[in-house]
Amino acid sequence: MNYFKQDLASLHADLVAKKLSAKELTQATFDNIKATDPKIDAFLALNEDAALDQAAKVDAAGIKEDQPLAGIPVAIKDNIVTKDLTTTAASKILTNFNPIYDATVTTKLADAQMITVGKTNMDEFAMGGSTETSAFKQTKNAWDQTKVPGGSSGGSAAAVASGQIVAALGTDTGGSIRQPAAFNGVVGMKPTYGRVSRWGLIAFGSSLDQIGPLTRGVKDNATILSTIAGHDEHDLTSSTQAVPDFAKDLNDATSVKGLRIGLPKEFLADGVNEDVKNAILAAADTYRKLGATVDEVSLPHNKYGVAAYYIIASSEASSNLQRFDGIRYGYRAQDVKNLEDVYVKSRSEGFGDEVKRRIMLGTFSLSAGFYDAYFLKAAKVRTVIINDFKAVLKDHDFIMGPVAPTPAFDLGAEIKDPITMYMNDILTIPVNLAGLPGLSLPAGFSNNLPVGMQLIGRPFDESTLYKAGYAFEQSTDFHLQVPTLGGQN
């Protein structure tokens, strides 16, 4: 059956009314993945037997009105651990690693009776912006298979956009949910730092990483976030802030009336594609028609975000990746003569070039004699960027702008040029440095490729972003346009 254009609410209604069973929906999901994934390569592992067994149990127990996610399939990015389901972070060094526990977010989805169907491809250890650093396969953009899907959550975004799955989890350290969401024309939320537990997330940059949902529509996204958010005693960086029902009030397309929106002039500067600029300016006009005020504002230190980020994130990564040493789990090199050989050869053979590059950069930045010049200075720049956001958000309800300077680029076009690849994140990275929530949603097209708009809010004010995103979505038809792939239409 075809459920590609259905949202969570309509699928839930069908399940409650028994027009559809959870097992039928799960089987249809696997059939669809098998028909379309040879073109997209979104999945690294499927969970077919266990998922169908779980769906049968959900059917046997019955699905009630107050269980909006029961029986709904979901995909999980492959750096989020899943008990007894291979979790590799798309790295050779974790080939065939089967975790013995579930991440907090996967436990919460299971408690809501969602059905985990598989793990999605990504950049190795979430280090990359195109899903081209994966050790196993190259995921393609759902709209044009000659283009990248973005990264590092490219597998999750492409799976949702291509109709393989209605919802997926991704992670965002410097734009890794929002940028692939933009490139694939879907909705992606990077929550406030601490809103969602990181327990069970294979760490990249611990002060930056956040788990968030990717979906076709804003209301679906809000529903998933309400389910996975909340304090977790396993993660002391998770917040005790109350978690609202983010989807509850998403019924009014005029809910932005009276809001003040900031549009940073730096977000539309040279280097941003003209079609992208025009899409954002048109979106600003849409908000004005809905009764909001859009002001030009400035984030003057935004341009330093990329440099500060790659020092901070790489420094944290160099520490986090010490545990992958060929001793306790994962890949171990053969033909070793001593313990040093085990460490050096396992890491040399197990890590890809981008991961090695960032480990070296981070180790250098933290080394004696360079800490003050690099890491400490980057931390100070981070504070300046935070203060820029505070100044704008003091007088504005949220900030709007592009997600990325361009639409999706060609496969292979930038993978050999890390600096150019890094600069693609210039508009998303500052949000992670400041720990703010950021929502990406479709806002137009450029040569038949989606253009994404980013809404940036105050800490723990995802509700305003969802209301503003829903109002825009209901006033446009970009979210209704879908790519065409054999096997799903």
Side-chain angles (χ1 to χ4, degrees), residues 3-5 29-30 32-46 73-80 88-90 117-124 126 128-134 136-172 175-189 212-217 220-221 224 403-404 406-413 415 424 440-442 445 448-452 478-479 481-489:
Y3 66 90
F4 179 47
K5 294 186 178 180
T29 299
F30 284 115
N32 197 15
I33 291 170
K34 291 172 184 177
T36 58
D37 210 46
K39 293 184 178 181
I40 300 297
D41 284 325
F43 282 86
L44 287 177
L46 293 179
V74 64
I76 310 294
K77 186 177 178 180
D78 202 37
N79 59 345
I80 300 170
T88 69
V117 299
K119 307 300 288 293
T120 54
N121 195 26
M122 55 182 284
D123 283 298
E124 184 182 7
S130 63
T131 315
E132 291 176 287
T133 69
S134 170
F136 304 116
K137 60 169 61 175
Q138 170 57 65
T139 301
K140 288 85 174 176
N141 190 288
W143 290 82
D144 182 342
Q145 285 76 67
T146 69
K147 307 293 184 182
V148 300
S152 61
S153 305
S156 290
V160 172
S162 61
Q164 294 178 333
I165 197 79
V166 293
L169 293 187
T171 66
D172 194 311
S176 289
I177 288 173
R178 289 160 290 155
Q179 184 245 38
F183 281 5
N184 286 275
V186 298
V187 177
M189 169 65 87
L214 294 109
T215 57
R216 284 219 55 83
D220 286 359
N221 202 280
I224 300 288
V403 174
T406 68
F409 46 89
D410 290 342
L411 291 167
I415 191 64
N424 285 319
S440 172
L441 66 159
F445 287 88
N448 297 317
L449 291 172
V451 171
F478 303 123
H479 66 293
Q481 300 182 48
V482 296
T484 300
L485 289 170
Q488 73 178 27
N489 292 320

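Sequence positions, counted from 1, serve as the residue numbers for this chain.
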Report yes or no: does Asn121 contribute a side-chain atom to a donor-acceptor pair with the main-chain N or O of Ala90 at less than 3.5 Å?
-> no

Classify the side-chain pair Lys77/Ser153 by whether it contains a donor and acceptor separated by less than 3.5 Å.
-> yes

How far apart are the C-alpha atoms of Ile33 and Thr29, what are their side-chain angles, what is the distance that settles it, and do they pass the side-chain contact (heavy atoms from CB on, under 4.5 Å) test?
-> CA-CA 6 Å; Ile33 291 170; Thr29 299; 3.9 Å; yes

N/O donor-acceptor pair under 3.5 Å between Gln164 side chain and Val160 backbone = no

Is the backbone N or O of Gly151 less than 3.5 Å from a side-chain atom of Gln179, with the two atoms forming a donor-acceptor pair by type?
-> yes

Report yes or no: do Asp123 and Thr133 form a side-chain donor-acceptor pair below 3.5 Å?
-> yes

What residues form a side-chain hydrogen bond (donor to acceptor under 3.5 Å, both in side chains) with Lys34, not counting sequence neighbours?
-> Glu48

Measure the spacing between CZ of Phe30 and CG of Asp37 and express it to the nearest 0.5 Å.
-> 12.0 Å

Show me the donor-acceptor pairs within less than 3.5 Å that the side chains of residues 180-189 make with the rest of the protein, sequence neighbours left out.
unit_1 : atom_1 : unit_2 : atom_2 : d
Asn184 : OD1    : Ala142 : N      : 3.1
Asn184 : ND2    : Pro149 : O      : 2.8
Asn184 : ND2    : Pro180 : O      : 2.9

Take Asp220 and Val166 through the side-chain contact (heavy atoms from CB on, under 4.5 Å) test and state the conclusion after the steps.
-> CA-CA 9 Å; Asp220 286 359; Val166 293; 5.6 Å; no

For the pair Asn32 (side chain) and Gly163 (backbone), establish whether a donor and an acceptor sit closer than 3.5 Å, ignoring hydrogens and angles.
-> yes

Test item: Glu132 side-chain N/O and Gly412 main-chain N/O as donor-acceptor pair under 3.5 Å | yes

Thr120 side chain to Gly155 main-chain N or O, any donor-acceptor pair under 3.5 Å?
-> no

Taken to the nearest 0.5 Å, the spacing of Ser134 OG from Asp78 CG works out to 8.5 Å

Rounded distance [0.5 Å steps], OG1 in Thr88 versus CD in Glu124 = 9.0 Å

Within the distance-only criterion (no hydrogens, no angle test), does the side chain of Arg216 pair as donor or acceptor with the backbone N or O of His479 below 3.5 angstrom?
-> yes

Test item: Asp172 side-chain N/O and Gly212 main-chain N/O as donor-acceptor pair under 3.5 Å = no

When rounded to the nearest 0.5 Å, the distance separating CD1 of Ile224 from OG1 of Thr215 is 7.5 Å

Just how far is it from atom NZ of Lys119 to atom OG of Ser156, taken to the nearest 0.5 Å?
-> 10.0 Å

Determine, step by step, whether Asn448 and Trp143 satisfy the side-chain contact (heavy atoms from CB on, under 4.5 Å) criterion, reporting the C-alpha distance in whole Å, the side-chain angles of both residues, the deciding distance to 0.1 Å, and the verdict.
-> CA-CA 8 Å; Asn448 297 317; Trp143 290 82; 5.9 Å; no

Is there a donor-acceptor pair under 3.5 Å between the side chain of Thr139 and the backbone N or O of Asp41?
-> yes

